[in-house]
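Working notes for the structure below.
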Amino acid sequence: MNNRELADTFTLIADLLEIKGEIIYKTLAYRKAAESLAVLDRDAKAYWKEGTLREIPGVGEAIAGKIEELLKTGKLKFLTKLKKEVPPSLAEWLKVPGLGSKKVGLIWKTLKIKTLPQLEKAARAGKLRDLPGMGAKSEAAILAGIESLARRSGRIPLARAYPLALEIAAALKKVPGVVSAEPAGSLRRMRSDVGDIDILIAAAHSGAVMEAFTSLPGVARVLGRGETKSSVEFGDGVRAQVWVHPPERFGTALQYATGSKDHNVKLRELALKKGYSLSEHALKRTNGGSEILCATELEVYRTLGLPWIPPELREDHGEVEAARQGRLPRLIETKDIVGDFHIHTTGSDGRLSVLEMARAALKRGRKAIAITDHSVGLGIAGGLDIARHERQAEEIRRAQETLGGAITILHGSEVEIRADGTLDYPDEILAGLDLVVASLHTGLRQPREKVTARALKAIRNPHVDILAHPTGRLLPDREGADLDMEAVFAAAAEAGVALEINSHPNRLDLDDPHARRAKELGIPIAINTDAHSEEDLDRLFYGVSIARRAWLGKEDVINAWPVEKLLAWLKKR
DNA sequence: GCCGTTTTCGGCCCGACTGTTTTCAGTCG
């Protein structure tokens, strides 16, 4: 049982306990443990073997025991019993916007129904409106929620949400009286997918902003509209909300709206210890109640005795403690990147020639690139056979001659890791390349032992420099290969092979917990665009965001090294 | 159920909006 499955199990337990009416803090404890497991950078199994399960945040005696039982037997007696008391299908109802555990429990117990279709039928038949505390409006809201659930495919990939958020913010910035408009929430923390879009507005009055927001083009439904907060749903089910706060309170408001929830809890606890109550409106002295207004986030953190914490770190993964002790990392920035070592051209499935790609990279300030077209085995992408591959060397030589010393063009390859773990080109070809990127594209569904063995074999090939998009995941739908990541890390650390953070917004692979673990083990990281066109070169920003979420500095990333250092590293390998 | 530079027991962040309410509960972030 992997971390994801463990996390899902504890989330289910929390859902069912909450519907059952268990005290809220117990259900919160299960959710906290589930969240920790979901973002854990190593297999829970490794903690179990070491006897350190309780070092996982939110895991105490009881939950550690349950993890152990799940890892040992794949089952959990506690959950089996719970499922008999509360039908597990009810957990699905909680996903319906506007439905919480209280109403779910009420409807289930009163009407004796337990599936989503039964719920929809009951709502259509007008059977919900007569329940205590409910009326025709809540019945209609539940129906609308069920329909909205069907439209939405779940979480929104950053690649869709980020441009939309910028668009909304730009539109609202134009409203008279608006001082600033900033995306907040998980999007500002650059999570690879987000639940909804949050925009924070600084303005003295909110009326005009709310009017403009709720009538934006594409808005299908207004979910709520108030003085300080409104929310809407777009046609494709994406939800957005805005908060409006006075400019002199924008700092506390933006801090609050950026989250994460757990980070805010930590901060508010710290505030209480220092004699303040922290809310989105202000810091308030607990003795006397006078307010301290913060127009910027910097003032909020400073008042609490902390340096400003970059949004990407605000996940309650130790950043508040690090800030208190003055050991926040100096995070890598997009402007630090000088190299891009995973680029395609017309040689395989790219759109531009070597020269055109090199010019485009140069225009973006890159000082070194590697041309890494697919190898012959990936027929679908027009992989290069050995003869065509060798002819490409000439194309690269001419491009280098044309551009002179402004940019270093390396001749590389994205070489397939075959089903048996061997590479797609013979060693003598690989030996002649400047840089070798190895990738898994096929056989991703192989069992853990087999697919891991392939990755390890590739890492141990002395010619391989970078393992690209290690798990092969595609957001939002395709899960990555079931790799034993600890084994991959151990092999990469030993061989000195770099692991890639692929900047394609549907990949973002390594993800941030794995990238953070790789850094801990001293493994060099490559942030590459995997560009197939000129515009693709601009998505570097997404990869850098993942690196920042993983606490990486520029020293950890080979693309940020001076070219001489990079060349020396390649030569030594 | 977890956790501790206030506590090993008694807390566990704080507020907006909606609907069904005549003072509040439920949901959400």
Side-chain angles (χ1 to χ4, degrees), chain A residues 10 13-14 17-19 21-36 53-67 78 93-107 128-142 144-145 184-187 189 194-200 206 210 222-231 239-245 249 252-253 255-284 286 305 316 321 324-325:
Chain A
F10 288 114
I13 290 175
L17 285 178
E18 203 175 323
I19 293 167
E22 184 57 83
I23 58 160
I24 194 68
Y25 295 112
K26 191 183 281 195
T27 70
L28 281 174
Y30 279 105
R31 288 193 202 288
K32 166 86 183 157
E35 172 65 14
S36 285
L53 276 175
R54 294 186 61 177
E55 283 176 15
I56 300 169
V59 174
E61 191 182 345
I63 292 182
K66 290 185 172 71
I67 294 175
F78 175 80
W93 291 15
L94 288 177
K95 296 198 188 102
V96 177
L99 255 191
S101 59
K102 302 285 186 182
K103 282 184 184 165
V104 169
L106 175 73
I107 296 167
L128 303 183
R129 63 184 68 178
D130 297 328
L131 298 177
M134 297 185 61
K137 278 198 174 176
S138 22
E139 189 175 82
I142 288 172
S186 51
L187 185 125
R189 304 198 310 277
V194 302
D196 62 3
I197 292 171
D198 302 299
I199 308 280
L200 205 73
S206 70
M210 297 313 190
V222 177
L223 302 167
R225 183 168 164 177
E227 276 291 298
T228 60
K229 185 179 142 186
S230 293
S231 54
R239 295 179 165 215
Q241 55 181 346
V242 298
W243 282 276
V244 180
H245 286 269
R249 297 177 187 268
T252 38
Q255 194 290 315
Y256 160 77
T258 298
S260 66
K261 194 177 157 143
D262 289 337
H263 174 84
N264 287 357
V265 168
K266 266 277 160 60
L267 222 55
R268 287 175 171 186
E269 284 170 359
L270 178 64
L272 283 175
K273 281 177 198 156
K274 296 199 174 262
Y276 302 105
S277 161
L278 174 61
S279 78
E280 58 262 52
H281 302 294
L283 280 151
K284 204 185 277 181
T286 38
D316 188 27
E321 294 80 356
R324 287 178 76 172
Q325 294 160 11

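These numbers come from a predicted model, not from an experiment. Just so we're on the same page: letters track the sequence lines, and every chain starts at 1.
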If you measure from the [atom1] atom in [N] to the same atom in [M], how many Å do you get, rounded?
N      : M      : atom1 : result
B:dT7  : B:dC2  : C1'   : 14 Å
B:dG26 : B:dT21 : P     : 13 Å
B:dT18 : B:dT23 : C1'   : 15 Å
B:dT5  : B:dC14 : C1'   : 24 Å
B:dG11 : B:dT6  : C1'   : 12 Å
B:dC3  : B:dT8  : P     : 16 Å
B:dT20 : B:dA25 : P     : 16 Å
B:dG15 : B:dG10 : C1'   : 24 Å

> Which residues pass the salt bridge (Lys or Arg N to Asp or Glu O under 4.0 Å) test with A:E139, sequence neighbours left out?
Replying inline: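 Applying salt bridge (Lys or Arg N to Asp or Glu O under 4.0 Å) to A:E139 gives A:R129.
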
So [X], base contact, sugar-phosphate only, or nothing? Heavy-atom distance under 4.0 Å.
X      : result
A:K32  : nothing
A:L99  : sugar-phosphate
A:Y30  : sugar-phosphate
A:A136 : sugar-phosphate
A:K229 : sugar-phosphate
A:K284 : nothing
A:S231 : nothing
A:L278 : sugar-phosphate

> Within a reach of under 6.0 Å around CD of A:E227, are more than 12 heavy atoms found that belong to other residues, nucleotides or ligands?
Replying inline: no

>> Need to verify one output field. Residue with the more 5' nearest nucleotide on DNA chain B, A:K137 or A:M210?
In response: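 Comparing both residues, the 5'-ward one is A:M210.
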
> Considering heavy-atom distances to DNA chain B, does A:L94 or A:A64 have its closest nucleotide positioned more toward the 5' end?
Replying inline: A:A64

>> Please enumerate all residues that pass ring pair (Phe, Tyr, Trp, His ring centres under 6.0 Å) together with A:H281, with sequence neighbours excluded.
In response: A:H245

Tell me every residue that passes side-chain hydrogen bond (donor to acceptor under 3.5 Å, both in side chains) with [X], counting only those two or more places apart in sequence or in another chain.
X      : value
A:Y256 : none
A:T258 : A:R188
A:K66  : A:Y30

> Is it true that A:R31 and A:E18 have a side-chain N and a carboxylate O under 4.0 angstrom from each other?
Replying inline: yes

> Does anyone know the first and last nucleotide of DNA chain B in reach of chain A, 5' to 3', at under 4.0 angstrom to a heavy atom?
Replying inline: B:dG1 to B:dG29

>> Both distances below 3.5 Å, Watson-Crick or wobble geometry, any strand: find the nucleotide opposite B:dT8.
In response: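 Base partner found: none.
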
> Any idea if B:dT7 is syn or anti, going by the 90°-from-0 cut?
Replying inline: syn

> Can you tell if the side chain of A:L270 reaches within under 4.5 Å of the side chain of A:L278, non-hydrogen atoms only?
Replying inline: no

